[in-house]
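One structure below.
Chain letters run A, B, ... following the sequence lines, proteins first and then strands; every chain starts at 1. All heavy atoms count here, side chains included; hydrogens, waters and symmetry mates do not.
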Amino acid sequence: MKRLIFTLSIFSLLGTSCQEVITVDLPSQAPKLIVDALVRIDTSASTTLVSIEVRQTSDFFGEISPISVDQMTMSNLDNPGNNTDQVLDETEPGSGIYQQVFSTQELARDRWFLQIDYQGELYVAESRMQYSVPIDQLTIGDGSLFSEESTELLIKYSDVGDRQDFYLFDYGNGDFFASEDAFYDGQQFAFSYFYDEEFNPGEVLTVSIMGIDRDFFNYMNLLREQNEGGFGPFASPAVSVRGNLINATDIDNNNNYNNVNNPDNYALGYFALVQEYRDSIVVE
Amino acid sequence: MKYKHIRFVLFQKEHKNHLLSGLFALLFCLGIPNAFGQQEHTISGVVSDLNTGETLIGVNVLIPELRAGVITNAYGFYSITLPQGTHELIYSTLGYTIERRTIELNTSMVIDIALGENAEELDEVVIKADVEALDITTPQMSVNSLTAQTIKNIPVVLGEADVIKSLLLLPGVSNAGEGASGFNVRGGAADQNLILLDEATIFNSSHLFGFFSVFNPDAIKDLKLYKGSIPARYGSRVSSVLDIYQKEGNSKNFKMSGGIGAVASRLLVEGPIKKDQAAFLVGGRGSYAHLFLPLFDIENTAYFYDLNTKINYKIDDRNSLYLSGYFGRDYFGIQDSFINSYGNAVFNFRWNHNFSDKLFSNLSLIYSNYYYGLELDFVGFKWDSGIENFNLKYDFNHYLSKGLQLNYGLQNIYYGFNPGKIIPNRPDSGIVADQLTQKYANEAALYLDLEWEISQRLRAEVGLRGSHFMRFGQDEFQLYADDAPVTFDPFLLIYKEADPIETIRVDRWERLKTYSNWEPRIAASYTITDDISLKASYTKLSQYLHLLSNTSSPTPLDVWTPSGPYVKPQRLDQYAIGVFSFLKDRAYSLEVETYYKDVRHRIDYIDGANLIANNAIEQVILDGNARAYGLEVLLRKNKGAFQGWIAYTLSKSEQKTSPRNENEIGINNGQWYNTPYDKPHDLSIYGAYTVNDRWKINSNFIYQTGLPTNYPIGQFDFQGVVVPYYGLRNEQRLPDYHRLDLSATYTPKRKTNTTYQSEWVFSIYNLYNRQNAASINFRQNADTGANEAVRTSIFGLVPAVTYNFKF
């Protein structure tokens, strides 16, 4: 909830304040690797098609473009079995989309290790699937937050008590909301989400709920804050949102335990295995 | 030796007893054997305003032929011990006629003086510090005073006179932008200013997110801002002290004054309860712009109000009592789904007691409460947080002899912090009630300060303050491995919150941590000629409460954190040296000061820290350093139809957090970086021109380097969310800030048989409508999806009309 407070934006109250788009000269830097590896798992299916995208950063006013990596693999740390490193294949050369089919049971149960070789550097990340709870009910409400053109969607779900849970809601179009159960542990909880538009009758709204861990919860919140900006007393400070990908090129078990001498060579993005439930509602 | 009480009152016609008392005194004194060698006697008393009975602070009491003098204290009291003989005393202060008294001093006497207002001088620009001889010799430096009249003359946005906005025109004082609350002194943070209203600490000095200050200019008697060389009677904050005293209330006549403005109005009522003995003052201020919003179909609301109340009672010549209260609230609501309210409440009891004609004391008992609340109906909860404190102060002014004054006392503040309490606001809300851990602490101090005239040319003020801070136990206290609440990930190279190994409950009266610090203060002045002096000072200060913010300006949501096992007190050393000079027959004055400040244990936040409503703030902060240095120049014209000042500050303010060991990188790679309020160039020009008896024109021009900010060095996307990323902290700057304000005041001729006086103030803020950037944000365009940079400006050209009255 503190995140909710933090991200509310305040409109100008006196009428003479204004916002204007301006041109600014921005500094630039060598591009970095982006790893978009949010693996959504439907535990009711026996296999899961894992799809991971890689891109490179651009200047703020430039274009983000897909790239190809030298190799991308995922390994099961707990139960390696026969396939120590499962390679993900690029769907089409230059698309930046790498895919492979995995056993859902193994994905849900074990710790997985992602490795990417790119331009002579090795980037790694580790994740374990977090459980979620299904959505109990979706209802369209009639309230509005800041403007007339909005649609209120009420989401109800039941948290499991006595353990710390974090959830990520995906409303489509890059709209996410992350929540923690600190204030509603073990309760059935409902809250409203406001779409910035009004929908026509017959349109379908789809929402997914995903179980995430605390680090990914912090990551998604920061991501949203940085994307929205904000104004006035609730403006968010500028911060580079670092994911969980480590540059492991120089790390070995003999001499080098850390990257202290190489602070700027990091990859952006996140590798997370999450359990997902979806639900839809038709606008009336 | 007994003393006779002789009272001189201007224009008073109580002659009948004079001859008799005079004869009596003469007979009495003749009867006493003559002393061995030079005898000394003490003259003491209170200086007050002839018309209102208000005591006057900072009045110079000079004895020119002895080159001696003293200044009335915060309650108008003075005391000076002189050799027996005939002396001329001169009482002077800006805005009043000078009074001279020739005294035949052969016994200790009480001389109370009432000064009449000098109508001509009322319009003078009143930065009081060194207009008179005594001020140029006092070792006190780095201080600026403003009177209520100047504050009301300075044109500000929306025509509302504002204390904080007026202070910003002085050298060394700036703020973090138009929408920012608080102010920064000599490169210090906004939480490093001690703000006192009648001796009580105020935690949030702004209404409506920084647009107005909480001080009603009508209720203010005296205001001083100490930017350095802070006397030993003050402590607790390392950058500055803003000491404001309110009026007590007119003890002679019933008076009313007020103003009606575009956004807010104010009304002050004062008068005697018992003439010359007891008086009251009640002042209120409120905004009403929100009443017009429904006309524009806006269902949102924003308003503030505050109330100042005071009663004083003069029991007898040696005892006075004061009871005062302040209550202020801000209220901001968006359509009932989001309601925010906050404000200060202060209740204060004071007792002045003269133990003798050389020893003045003041005992203050203060209760203060700062409240912050939120109600979010669409989520279903209510949030309350705040700080409570109980404060006891016992201060003594001991006027030992002609060149020696001792000030000492003790202070104690007990704090209770409520970082936040969350409760569901309706039965069907899924929120579970929760209380963030409440914290308790106590800060005590003893001080001794000596004002000493070493020679005719050299004066010194030497002081020592000893402060002692105790952090008490709380319901949930977290313990960490190696006492380290922050860990470092050597692979990702980021600092992260450490998980506590245990959470314990510590009894409220046990101490989690104690800190004790000595704070020496030294200041000296050397008078080169009657018009030029050189001053130097060294100050050491400790600060035990911290308001950490990682937004561009502090928000009311930021929580004050007391020092404790994981947070050390801030420690500052400030060195300052300056030259003060009158020019051209005192028509001009020039002050040039340079300073260097060094702060240890300035806490810094890790990247991505969430500071708001954080129950374990120690997990996201690290210990660092800050430093600031600069040159301040103030050139003033004090006489003539045209008066004003030019204030220029050249400065640097930066901070750094080094890695804790060689396996870490620190914050910002352990390098110095600009604080968010670093302004290398800051120029303010203020002018006041008296056209004639009816019209006055005032104007300001301000030019400042743009504030530090962060521009993205690139962008990335994740799951369709496009996000900028950044390099080192505060490396870029916003565009330079500048604006010109103008105001004209029209005072209609006062009608002969009433006391009703009025004035019209026409003002234009930001005359050439410069769109100064309050912030530049980077975001995706909602329609096109392209990235864009958006500049937010708060005030363009704002005209306003205010009507002020008094009777």
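Formation of a donor-acceptor pair under 3.5 Å by the A/Glu20 side chain with backbone atoms of B/Thr792 is not found in this model. A/Ser240 places a side-chain N or O within 3.5 Å of a backbone atom of B/Tyr726 that can act as its donor or acceptor partner.
Checked for salt-bridge contact, A/Arg242 and B/Asp489 miss the test: no charged N lies under 4.0 Å from a carboxylate O.
Heavy-atom neighbours of B/Lys421 NZ from other residues, nucleotides or ligands within 6.0 Å: at or below the threshold of 12.
Only the side chain of A/Ile34 comes within less than 4.5 Å of a heavy atom in chain B; its backbone stays farther off. The contact between A/Val24 and chain B is made entirely by side chain atoms (from C-beta outward), counting heavy-atom distances below 4.5 Å. Heavy-atom distances place no part of A/Ala125 under 4.5 Å from chain B, backbone and side chain included. When heavy atoms are compared at a cutoff of 4.5 Å, A/Asp181 does not approach chain B at all.
Sorted by first and then second residue, the salt bridge (Lys or Arg N to Asp or Glu O under 4.0 Å) pairs with a member in residues 711-725 of chain B read A/Arg55-B/Asp717; sequence neighbours excluded.
Across all non-hydrogen atoms, the minimal contact from B/Gln715 to A/Thr57 is O-CB, 3.2 Å. Considering every non-hydrogen atom in both A/Phe60 and B/Pro724, the closest pair reads CE1-CB, 3.7 Å. Shown here for A/Asn227 and B/Val721, the closest heavy-atom pair between the two residues is CB-CG1, 3.7 Å.
The candidate from B/Gly714, B/Pro712, B/Gly720, B/Pro424 with the greatest count of non-hydrogen atom pairs under 4.5 Å with chain A is B/Pro712. Most heavy-atom pairs under 4.5 Å with chain A: of the set B/Arg729, B/Glu731, B/Gln719, this distinction falls to B/Gln719.
Proximity of B/Val723 to A/Val241: side-chain heavy atoms (C-beta onward) are separated by under 4.5 Å at one or more points. Using a 4.5 Å heavy-atom cutoff, the side chains of B/Ser793 and A/Gln19 are not in contact.
A/Tyr219 and B/Phe718 have their aromatic ring centers within a separation under 6.0 angstrom.
The structure places CZ of B/Phe381 at 12.5 Å from OH of A/Tyr184, a figure rounded to the nearest 0.5 Å. Between the NZ atom of B/Lys496 and the CG atom of A/Asn218 there is a distance of 9.5 Å, given to the nearest 0.5 Å.
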